[in-house]
Amino acid sequence: MGAPPKGAASVLQAAGAASVGGRVGGDLDGAERISDGTPGRAPVVPSQAGARPPVPGPGETLGGLRGARTELRNQMRSRRRLRMVTLISLAAIVLIVLPVFFGLRSAGRDPVFSSLDSLDVPSWAQSNVEDHTSGSQWCFIGCRFRERTADSSKPLQETTAAYSQALKAGGWQPWKVAECPEQPIDPGSGTYSCWKRDEFTLDLQVSLPDCAVDALAAQDPAALPSSAVAPTADPKKCVGSTVSLKVQNAITDTRGKKEPKQSPDLVGETPDPTFSDDPLLGTPTPKAS
């Protein structure tokens, strides 16, 4: 066979180029539809059985690590904020709330009287209770002095025994000290004892009721003013006793404390007067001109 003419050869070349270009173009379009757009990667066919999952590219791996780090940082910041809020709340409770609570509590009710209320004293030994205070609770200028008075329906000895037992059970210890009492007391007219606990001292005095004191005063008209009328009281109705509890700070209670000795170097001496015949030391006498 002879060589094809030049016109036929040109037509065949053009047709071959077109077919090749169509296949290449179709392959590229398919690759663009299936692949993730990364140049140079072969298309992945998910329909193949047992095919491995696609391996993430370098860009995808880096982005995932950055996202995990960001999330971890956010969690750590949230935990730090929670810890800070918790610490601030605890500090506010300890430094503000508790002092205010105890301050209002102490201002509303004296803790010493609350301690006396907690004593296991029979009800018959604490009627008509009255509390009196003077001075500052925080010892500004002067420490607080507390006194409680009550009436008892039983005699001196029973009332004294009831209060002594209650004070011992409450932690008070008997305090044997001079000037307790300051003046001797007749055992038939009352009892007096001193107690100590922590930084407080307590004086317990149980005496005759007011009606008995008035009856004793009536027996001595000289002790009454001339214009006063001697009171009369029925001895059968005048029973019981009167209780007085006096509490003060031990630092202000001078009983049992020795006075500090003065140093001889701090005590001055008055010099003896000296007499001299020196006329310059005497008082000059004015002369008449």
Side-chain angles (χ1 to χ4, degrees), residues 109-135 143-250 252-256:
R109 181 63 175 170
D110 195 302
V112 175
F113 288 133
S114 300
S115 177
L116 295 179
D117 292 337
S118 64
L119 295 177
D120 188 14
V121 179
S123 58
W124 53 262
Q126 50 177 351
S127 60
N128 301 327
V129 177
E130 294 183 2
D131 294 335
H132 305 278
T133 60
S134 62
C143 294
R144 175 166 292 185
F145 179 82
R146 307 163 179 88
E147 182 178 7
R148 166 171 290 187
T149 58
D151 294 335
S152 174
S153 60
K154 293 190 177 182
L156 300 174
Q157 301 303 327
E158 295 184 27
T159 303
T160 302
Y163 272 92
S164 299
Q165 184 177 359
L167 288 173
K168 290 181 180 179
W172 293 87
Q173 300 295 329
W175 186 31
K176 302 297 182 180
V177 65
E179 299 181 0
C180 177
E182 296 181 358
Q183 299 294 334
I185 295 179
D186 183 9
S189 61
T191 61
Y192 202 101
S193 59
C194 295
W195 303 77
K196 197 170 186 179
R197 176 186 174 185
D198 299 334
E199 71 273 16
F200 298 105
T201 61
L202 183 146
D203 290 22
L204 171 63
Q205 182 178 7
V206 182
S207 56
L208 297 174
D210 296 337
C211 57
V213 175
D214 296 338
L216 292 176
Q219 296 177 5
D220 187 10
L224 296 175
S226 57
S227 60
V229 178
T232 59
D234 188 358
K236 296 181 180 180
K237 296 181 180 180
C238 186
V239 294
S241 56
T242 303
V243 182
S244 173
L245 298 170
K246 299 178 182 179
V247 183
Q248 58 181 326
N249 292 69
T252 60
D253 196 339
T254 59
R255 293 176 297 183

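Quick caveat, the model's predicted, so the values are computed rather than measured. Nothing fancy with the numbering, it's 1 onward along the sequence.
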Grab the two heavy atoms, one from [X] and one from [Y], that are nearest each other, plus how far apart they are.
X: Gly170; Y: Leu119; answer: CA-CD2, 4.1 Å
X: Leu156; Y: Gly188; answer: CD1-O, 3.7 Å
X: Trp124; Y: Ala162; answer: CH2-CB, 3.9 Å
X: Lys196; Y: Ala250; answer: CE-CB, 4.3 Å
X: Lys168; Y: Pro174; answer: CE-CG, 4.2 Å

Just wondering, do [Y] and [X] contact through their side chains at under 4.5 Å, heavy atoms?
X: Ser244; Y: Lys246; value: yes
X: Asn249; Y: Phe200; value: yes
X: Thr242; Y: Asp151; value: yes
X: Val243; Y: Val121; value: no
X: Glu147; Y: Ser134; value: no
X: Gln205; Y: Ile185; value: yes
X: Val247; Y: Arg144; value: no
X: Ser153; Y: Ser127; value: no

_Is it the case that over 12 heavy atoms from other parts of the model lie below 6.0 angstrom from the CD atom of Glu199?_
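Yes, enclosed.
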
Are the side chain of [X] and the backbone of [Y] linked by a donor-acceptor contact shorter than 3.5 Å?
X: Ser118; Y: Ser115; value: yes
X: Thr159; Y: Lys154; value: yes
X: Ser152; Y: Ser241; value: no
X: Ser114; Y: Asp110; value: yes
X: Tyr163; Y: Ala125; value: yes

For the [atom1] atom of [X] and the [atom2] atom of [Y], what is their distance to the nearest 0.5 Å?
X: Arg146; Y: Leu245; atom1: CZ; atom2: CG; result: 13.0 Å
X: Asp253; Y: Cys180; atom1: CG; atom2: SG; result: 9.0 Å
X: Thr254; Y: Glu179; atom1: OG1; atom2: CD; result: 6.5 Å
X: Leu204; Y: Tyr192; atom1: CG; atom2: OH; result: 9.0 Å
X: Trp175; Y: Thr201; atom1: CH2; atom2: OG1; result: 5.5 Å
X: Asp120; Y: Leu167; atom1: CG; atom2: CG; result: 11.0 Å

*asked:* Let's go through Leu116 and Asp131 carefully: what are the C-alpha distance in whole Å and the side-chain angles of both, what is the deciding distance for side chain to side chain contact (heavy atoms under 4.5 Å, CB included) to 0.1 Å, and is it a yes or a no?
replied: CA-CA 11 Å; Leu116 295 179; Asp131 294 335; over 6 Å; no

*Got a salt bridge between Asp117 and Arg148, using NZ or NE/NH1/NH2 to carboxylate O under 4.0 Å?*
yes

